[in-house]
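Okay, structure first, notes after.
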Amino acid sequence: MRPRTVASLLQRLGGTGRRAGTTRNCLFLCLDDEQELLALGMLDRWARGWVEPIVPPPAPRHIAAQQLMALCLQEHPIGAATWRSWWGSLPIFDDTAEDILQFLCVEGYFERDGGFLHIGPEAERRFGRRYFSGLTAVFSAPPEFTVLAGRNEVGTIGTDLLVEEVEGPRVLLLGGRSWKVTHVDWPRRRCFVEPVDSGGKAMWSGLAGGLPYAITRGMRAVLLGETPPGVTLTRRAQATLAELRSGYEPAIDPDGSVVVLPSEGSGRWWTWAGTAANRTLQASLPTLIDRRQRIDEKSLRLLPGIGPRDVAAAVANVTWRGPEVAATAVSGLKFSAALPPGLARRTLAERLGDEAGARAAVEAPRRIYRP
C-alpha cells in the first residue's frame with residue numbers, strides 16, 4: 001500500500017554548548033488522514049521539548065498485598081501490629097492497607113497466632129508452586145492473549161481492549177477484519193472470537209490505553225494552525241493537512257472546547273483531552289455523557305435532549321469517579337486475587353482514567369454551538 005502522506009522531521013535535540021545540537025532525522029509514513037494528524041500531534045509536542053514522563057502506575061494496592069505475603073514468607077511470622085515498621089511511609093501502603101490485611105486474614109492467605117501472622121493455606125494453594133516463585137516475581141511482561149477463531153490463531157492482543165466496560169458485543173480488529181469476542185479465558189490468556197462484518201477496534205501497544213492528554217492537545221494545536229518547527233511535509237501531506245483543518249474546523253476553538261448541541265438527536269463535546277481523561281469524564285458525568293459509546297481521545301457523545309443549562313449544571317456538580325471496568329477484567333491484574341473484589345476493580349479503574357486531564361477539560365472555557 002502506498003502511503004497517502006509522508007511527514008519528515010529534522011529536529012535539533014540537545015542542550016547548550018559545543019557538543020549539543022545533535023541532528024536526528026525521522027521519517028513518518030502515514031497511511032491515512034488520522035495517522036498524519038497523530039504523527040503531527042506527537043511531533044508538535046516533541047519539537048517543543050515534551051517527553052512522556054516515566055511514572056509508576058497509580059494505586060499499586062495489589063503490590064501491597066504481595067509485599068505483605070512476601071514479608072510473611074521471609075520472616076516466619078510477622079507481627080500483626082508491627083508490620084508497617086518494615087516500610088515506613090512507603091506510599092503503596094495507603095489508607096486501604098488495613099482493609100487488604102483484613103481480607104488476607106479472612107480469606108486464609110494469613111493465619112493468626114496471637115499477635116502474629118503466618119502464611120496460610122490459601123497463599124500456599126495460589127502461590128506455593130516452585131517455592132512461591134509466583135509470589136516473589138513482582139514484575140513481568142504485560143500479559144498478552146492469544147486470539148482464536150475456532151482452532152485457528154488470529155493473533156495476539158494486550159489487555160487494554162478487554163478490560164473496558166462496553167455496551168453490546170466487544171469487537172476487535174485483527175488481521176484486517178473484525179472479530180466479535182465470545183469468551184475470554186483469563187487464567188489461560190485466551191480470547192475466543194467469531195468473524196463479524198465491521199466495527200472492530202484496534203490498539204497499538206505503544207499507546208496502550210489510548211492517546212494521552214499531551215499528544216491529543218498537540219493534535220488540536222496542529223488543527224488550529226500550528227506547524228511543528230523543523231517538520232517538512234510532502235505535497236500530499238500538506239494537502240491532507242489542509243483537508244483535516246477544514247474538516248475539524250467546527251470541532252475546535254482557540255479559546256476552549258466546543259460543545260455541539262443539535263436541535264434533534266445527541267450532542268457532542270469536543271474535549272481533546274485524551275482517551276483516559278474522556279473515560280473519567282464519562283464515569284463522572286452520568287447525567288451528561290452517554291455511557292453507551294466507544295471512548296476515543298477527541299470527543300464524547302452527550303445524552304439526547306441535553307441543553308446548555310444541563311451542561312453547565314452537570315459540570316458545576318461533577319463528582320469524580322474512576323471508569324467502569326468489566327467484572328472479569330481484574331484477573332489480568334497480578335495478585336488481584338489477594339485484594340477485596342471491589343478494591344481490585346477500583347485499582348484497575350484508577351489506572352484506566354486520567355482525573356487531571358478530565359479536570360483540565362472541565363475547567364476550560366466552553367463554546368456552545370448549535371448547528
Verify side-chain contact (heavy atoms from CB on, under 4.5 Å) between Trp269 and Leu285, making sure each step is shown before the conclusion.
-> CA-CA 12 Å; Trp269 181 9; Leu285 296 167; 3.9 Å; yes

Show your reasoning for whether side-chain contact (heavy atoms from CB on, under 4.5 Å) applies to Arg217 and Arg45.
-> CA-CA 9 Å; Arg217 300 304 285 183; Arg45 301 295 97 170; 4.3 Å; yes

Full working for side-chain contact (heavy atoms from CB on, under 4.5 Å) between Gln67 and Trp86 = CA-CA 10 Å; Gln67 288 290 290; Trp86 284 85; over 6 Å; no

Residues Gln282, Gln293; criterion side-chain contact (heavy atoms from CB on, under 4.5 Å); working and verdict | CA-CA 10 Å; Gln282 181 193 37; Gln293 60 180 299; 3.8 Å; yes

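Put simply, the side chain of Ser178 never gets that close to the backbone of Val196: no donor and acceptor are under 3.5 Å apart. Between the Thr347 side chain and the Leu343 main chain, a donor and an acceptor come within less than 3.5 Å of each other. For the pair Arg61 (side chain) and Ser336 (backbone), a donor-acceptor distance under 3.5 Å is absent. Judged purely by atom type and a 3.5 angstrom limit, Thr240 has no side-chain atom pairing as donor or acceptor with the backbone of Asp33.
Note that the CD1 atom of Ile252 and the CE atom of Met219 stand 11.0 Å from one another [nearest 0.5 Å]. Between the CG atom in Leu352 and the CD atom in Glu324 there is a gap of 11.5 Å [rounded to 0.5 Å]. The distance from atom CG of Asp296 to atom OG1 of Thr275, rounded to the nearest 0.5 Å, is 6.5 Å. A distance of 7.5 Å separates CG of Leu211 from NZ of Lys298, quoted to the nearest 0.5 Å. The distance from the CG atom of Leu172 to the CH2 atom of Trp179 is 10.5 Å, given to the nearest 0.5 Å. Between the CZ atom in Arg294 and the CG atom in Asn278 there is a gap of 15.5 Å [rounded to 0.5 Å].
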Indicate every side-chain donor-acceptor pair of residues 89-103 with a distance under 3.5 Å to a residue at least two apart or in another chain.
| unit_1 | atom_1 | unit_2 | atom_2 | d |
| --- | --- | --- | --- | --- |
| Asp94 | OD1 | Thr96 | N | 2.9 |
| Asp94 | OD1 | Thr96 | OG1 | 2.5 |

For a quick test of your reading: what N or O donor-acceptor pairs under 3.5 Å do the side chains of residues 108-122 make, sequence neighbours left out?
| unit_1 | atom_1 | unit_2 | atom_2 | d |
| --- | --- | --- | --- | --- |
| Tyr109 | OH | Arg126 | NE | 3.0 |
| Tyr109 | OH | Ala337 | O | 3.0 |
| Glu122 | OE1 | Arg125 | NE | 3.3 |
| Glu122 | OE2 | Arg125 | NH2 | 2.6 |
| Glu122 | OE2 | Arg126 | NE | 2.9 |

Listed pairs under 3.5 Å, donor-acceptor, residues 361-371 side chains, sequence neighbours left out:
| unit_1 | atom_1 | unit_2 | atom_2 | d |
| --- | --- | --- | --- | --- |
| Arg366 | NH1 | Val362 | O | 2.8 |
| Arg366 | NH1 | Ala364 | O | 3.4 |
| Arg367 | NE | Asp253 | OD2 | 3.0 |

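Residues Trp320 and Arg359 meet the side-chain proximity criterion, which asks for heavy atoms closer than 4.5 Å. For the pair Trp270/Ser299, a side-chain contact is recorded, criterion being any heavy-atom separation below 4.5 Å from C-beta on. Side-chain contact between Leu302 and Ile289 is present, with at least one heavy-atom pair separated by less than 4.5 Å. In this structure, Thr287 and Asp310 have side chains that are not in contact, with every pair of non-hydrogen atoms separated by 4.5 Å or more.
A continuous path of hydrophobic side-chain contacts links Ile63 to Phe127 [ILVMFWY only; heavy atoms under 4.5 Å]. Placement of Leu281 and Tyr213 in two distinct hydrophobic clusters is found when ILVMFWY residues are connected by side-chain heavy-atom separations under 4.5 Å, directly or transitively. In the hydrophobic clustering of ILVMFWY residues, with side-chain heavy atoms under 4.5 Å counting as a link, Leu73 and Leu71 come out together.
A pairwise comparison of heavy atoms in Pro195 and Arg177 identifies CB-NH2, 3.2 Å as the closest pair. Heavy-atom minimum distance, Glu52 versus Pro212: OE2-CG, 4.4 Å. Residues Arg48 and Pro229 come closest through the heavy atom pair NH1-CD, 3.5 Å. The two atoms that bring Asp185 and Phe145 nearest to each other are O-CE2, 4.1 Å, heavy atoms only. In terms of heavy atoms, Val222 sits closest to Leu40 at CG2-O, 3.7 Å. Annotation for Met69 and Ala338: closest pair CE-CB, 3.8 Å, computed over non-hydrogen atoms.
Tyr248 pairs by the ring-ring contact (aromatic ring centres under 6.0 Å, His included) definition with Trp272, not counting sequence neighbours. In this structure, the side-chain contact (heavy atoms from CB on, under 4.5 Å) partners of Ser266, at least two apart in sequence or on a different chain, are Arg301, Pro304. Listed by chain and number, the residues in a side-chain contact (heavy atoms from CB on, under 4.5 Å) with Gln238 are Leu233 (sequence neighbours excluded).
Heavy atoms from other residues, nucleotides or ligands lying under 6.0 Å from CD of Glu249 number 12 at most.
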